[in-house]
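One structure below.
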Amino acid sequence: MTTPEQPSAETFGHEPIKGLSLNALDDTICGRCTERGVFWGNATEIRSVGVTWPCTSAIVLGLAPRTTTPAPAAG
């Protein structure tokens, strides 16, 4: 159910943009979600980078389709 305070089109900032991810310098990332782990300059400096799109929140909010991976064959 949608309320006037929370319209169905609300993205909460979870939108695909181009930016820096752990995988590439020009990747499609979430405009809101970040993760740590890239070293800049010396080894003691860690900065946040974007999470690859779609982030979990975008999937939960219905902004991106949920994909499934088939289970490996038993054997």
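Everything numeric in this text was worked out from a predicted model, so none of it was measured.
Atom-to-atom distance recorded for R47:CZ and T34:OG1 is 13.5 Å, nearest 0.5 angstrom. The line from OG1 of T52 to CG of N23 is 4.5 Å long, rounded to the nearest 0.5 Å. Atom-to-atom distance recorded for C55:SG and E35:CD is 11.0 Å, nearest 0.5 angstrom. Interatomic distance, CG of L63 versus SG of C30, reported as 9.0 Å (0.5 Å rounding).
The closest donor-acceptor contact from the side chain of R32 to the backbone of F12 lies under 3.5 Å.
Residues meeting the side-chain contact (heavy atoms from CB on, under 4.5 Å) test with D26, sequence neighbours left out: K18.
Within the hydrophobic cluster formed by Ile, Leu, Val, Met, Phe, Trp and Tyr side chains joined at under 4.5 Å, directly or through other members, V51 stands alone, with no partner residue.
No single ILVMFWY cluster, assembled from side-chain heavy atoms under 4.5 Å apart, contains both L22 and I29.
In this structure the side chain of T28 never reaches within 4.5 angstrom of the side chain of I17, judged on heavy atoms. Under the 4.5 Å side-chain criterion, counting only non-hydrogen atoms from C-beta, C33 is in contact with H14.
The nearest pair of heavy atoms linking A24 to D27 is CB-CB, 4.0 Å.
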